[in-house]
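Each remark here refers to the structure printed beneath this line.
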Protein chains: 2
Amino acid sequence: MSEARQLCETRKLRLTSRRRQVLEILLASHQPMGAYDILAELNRVNPSAIIAPPIVYRALEFLMSEGLIHRIESRNAFISCVHPGHQCAAQFLICRDCEQVAELEDSDPPLLVEADNLGFAVDHSVVEITGICAQCQKHAG
Amino acid sequence: MSEARQLCETRKLRLTSRRRQVLEILLASHQPMGAYDILAELNRVNPSAIIAPPIVYRALEFLMSEGLIHRIESRNAFISCVHPGHQCAAQFLICRDCEQVAELEDSDPPLLVEADNLGFAVDHSVVEITGICAQCQKHAG
DNA sequence: AACCATTTTGTTATATTATAACGTAACTGA
DNA sequence: TCAGTTACGTTATAATATAACAAAATGGTT
Ligand SMILES: [Zn+2]
Ligand SMILES: [Zn+2]
Ligand SMILES: [Zn+2]
Ligand SMILES: [Zn+2]
């Protein structure tokens, strides 16, 4: 969170209270959350003024554009970034048993180099590996 | 299509007329299509008996389970596989200008090896690189 | 053929995810 | 304080996907 604050100050961006709320919910979760889960959490914490989906989606859009969170495409869900402000492509290992998501800290995958060699100008990469984590395999075995 | 037919015969699977229709639409498209685009195309071809979403989603599920098509997670869309029946993980380059999708024929990406080393049992991988293809860069430049 | 079990298709309704459009409030710099 | 801009709030609706159950087709068995 303090990282996020610093990052926004450096970039002259407004980490408003709404955006901070959404980021805090994702940071506290340690798991991917759907937009409507986040919405429900916001409304649970403050039931007096019920807010609507666009509020959440706009905050998520801001946080994604600054690399503070990621979208897990294969889950329609969002998760806080483990190293905010990094440039390298995010890569995830997603356990379909315990639902835990690990964000790998690797440097850019070779595929991006290959894309470059093909003359393809990369904007954004989605790398999401689904399976069973080591922990869950032990429990099952 | 004949590949698909052979593959299903070998595996003792029923490539029914509905499934064939959906596969043919995707094969003819050469581009990703949304489930509702496919639905519209089915209903355009045969306006007499209007069909509903579950029909399409079930055909898509079958075709995906047999590796005849892929889902592009970042687009909520489906595309026919360029080498049906292959085992390796699919990887896509997606141009956000011309919307063309290239499926790379590489062997498994190193990340899968790494996942394995971490004791993670991989089920499925999603690799989708978005950007501008070489063609579109020329036109723009 | 007649039967049963299984799979596939069809139908209706509804859930889930996301955005358009427009008005209001807050912030920023002059 | 004023204008310009950005962010927030609200309503409605679009786009994507599935649950649940009924009907039909298929495949093997008698
Ligand atoms: Zn990250
Ligand atoms: Zn697990
Ligand atoms: Zn493929
Ligand atoms: Zn292109």
Side-chain angles (χ1 to χ4, degrees), chain A residues 4-5 8-9 11-26 31-43 45-66 68-79 99 126 128, chain B residues 4-5 8-9 11-26 31-43 45-66 68-79 99 126 128:
Chain A
R5 215 180 291 256
C8 286
E9 199 166 330
R11 297 183 189 170
K12 312 276 191 203
L13 297 167
R14 289 157 67 183
L15 185 58
T16 63
S17 112
R18 276 283 180 242
R19 291 167 176 172
R20 201 162 45 233
Q21 278 174 54
V22 169
L23 180 55
E24 260 160 11
I25 287 169
L26 283 175
Q31 278 192 278
M33 292 179 76
Y36 280 73
D37 297 333
I38 296 168
L39 183 59
E41 178 62 13
L42 282 171
N43 285 329
V45 169
N46 182 2
S48 61
I50 294 174
I51 65 168
I55 306 273
V56 171
Y57 280 102
R58 284 194 289 233
L60 291 170
E61 190 179 11
F62 170 83
L63 296 169
M64 278 195 292
S65 73
E66 300 307 323
L68 295 169
I69 65 172
H70 297 290
R71 181 178 159 80
I72 309 282
E73 297 289 348
S74 57
R75 297 296 179 107
N76 295 336
F78 303 85
I79 193 168
E99 303 280 312
V126 171
E128 300 170 9
Chain B
R5 215 180 291 255
C8 286
E9 202 167 327
R11 296 184 190 169
K12 311 275 190 205
L13 297 168
R14 290 158 66 183
L15 186 58
T16 63
S17 114
R18 274 284 178 242
R19 292 166 176 175
R20 202 162 46 235
Q21 279 174 55
V22 170
L23 180 55
E24 261 161 11
I25 288 170
L26 283 175
Q31 278 192 276
M33 292 179 76
Y36 280 73
D37 297 333
I38 296 168
L39 183 59
E41 178 62 12
L42 282 171
N43 285 329
V45 169
N46 182 2
S48 63
I50 295 175
I51 64 168
I55 306 274
V56 171
Y57 281 101
R58 284 194 290 233
L60 291 170
E61 189 178 12
F62 171 83
L63 296 169
M64 277 195 294
S65 73
E66 299 308 323
L68 295 169
I69 65 172
H70 297 290
R71 181 178 159 81
I72 310 282
E73 296 288 348
S74 57
R75 297 297 179 107
N76 295 335
F78 303 85
I79 193 167
E99 304 280 312
V126 171
E128 301 170 10

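Any value given below was found using the heavy atoms of this structure, including those in side chains, with hydrogens, waters and symmetry copies removed. Owing to the predicted nature of the structure, the values given are computational and were not obtained by experimental measurement.
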**Message:** Main chain of A:Arg58, side chain of A:Arg18: is a donor-acceptor contact present, judged purely on distance under 3.5 Å?
**Reply:** no
**Asked** Counting N and O atoms only, with roles assigned by atom type, does the side chain of A:Arg71 sit under 3.5 Å from a partner on the main chain of A:Met64, one being a donor and the other an acceptor?
**Response** no
**Request:** Return the 5'-most residue of the pair B:Ile51, B:Arg14 with respect to DNA chain C, ranking by each residue's nearest nucleotide.
**Result:** B:Arg14
**Message:** Closest-nucleotide mapping onto DNA chain C: is B:Ala49 or A:Asn76 further toward the 5' terminus? I mean the 5' end.
**Reply:**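 Result: B:Ala49.
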Calculate the interatomic distance between [X] atom [atom1] and [N] atom [atom2]; express it in whole Å.
| X | N | atom1 | atom2 | answer |
| --- | --- | --- | --- | --- |
| A:Leu39 | C:dT19 | CG | C1' | 14 Å |
| A:Arg75 | C:dT16 | CZ | P | 16 Å |
| A:Phe62 | C:dT19 | CZ | P | 18 Å |

Name the nucleic acid region contacted by [X], choosing base, sugar-phosphate or nothing; use a 4.0 angstrom heavy-atom cut-off, strictly under.
| X | answer |
| --- | --- |
| A:Arg71 | sugar-phosphate |
| B:Ile50 | sugar-phosphate |
| A:Arg58 | base |

**Prompt:** Under 4.5 Å between any side-chain heavy atoms of A:Thr16 and A:Phe62, yes or no?
**Reply:**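 Result no, sub-4.5 Å side-chain heavy-atom pair not found.
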**Prompt:** Taking C-beta and beyond as the side chain, do B:Ile38 and B:Leu60 meet within less than 4.5 Å on heavy atoms?
**Reply:** yes
**Fill in**
Whichever of A:Ile55 and B:Ala77 has the more 5' nearest nucleotide on DNA chain D, that residue is A:Ile55
**Message:** Would you say B:Arg19 places a side-chain N or O within less than 4.0 Å of OP1 or OP2 belonging to C:dT9?
**Reply:**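 Yes, such a contact exists.
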**Asked** OP1 or OP2 of C:dA18 less than 4.0 angstrom from a side-chain nitrogen or oxygen of A:Tyr57, does that happen here?
**Response**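 A:Tyr57 to C:dA18 OP1/OP2: side-chain N or O found under 4.0 Å.
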**Asked** In Å and rounded to the nearest 0.5 Å, what is the CD1 to CG distance from B:Ile79 to B:Leu26?
**Response**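 Nearest 0.5 Å value for the CD1-CG distance: 8.0 Å.
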**Item:** Inter-residue atom distance A:Glu128.CD - A:His70.NE2, 0.5 Å rounding
**Value:** 10.5 Å
**Request:** Give the first and the last nucleotide of DNA chain D, reading 5' to 3', that has any atom under 4.0 Å from a heavy atom of chain A.
**Result:** D:dT6 to D:dT11
**Message:** Any N or O donor-acceptor pair under 3.5 Å from the base of C:dA15 to the side chain of A:Tyr36?
**Reply:** no
**Request:** Tell me, yes or no, whether the heavy-atom count around A:Glu99 atom CD, taken from other residues, nucleotides or ligands under 6.0 Å, exceeds 12.
**Result:**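 Yes.
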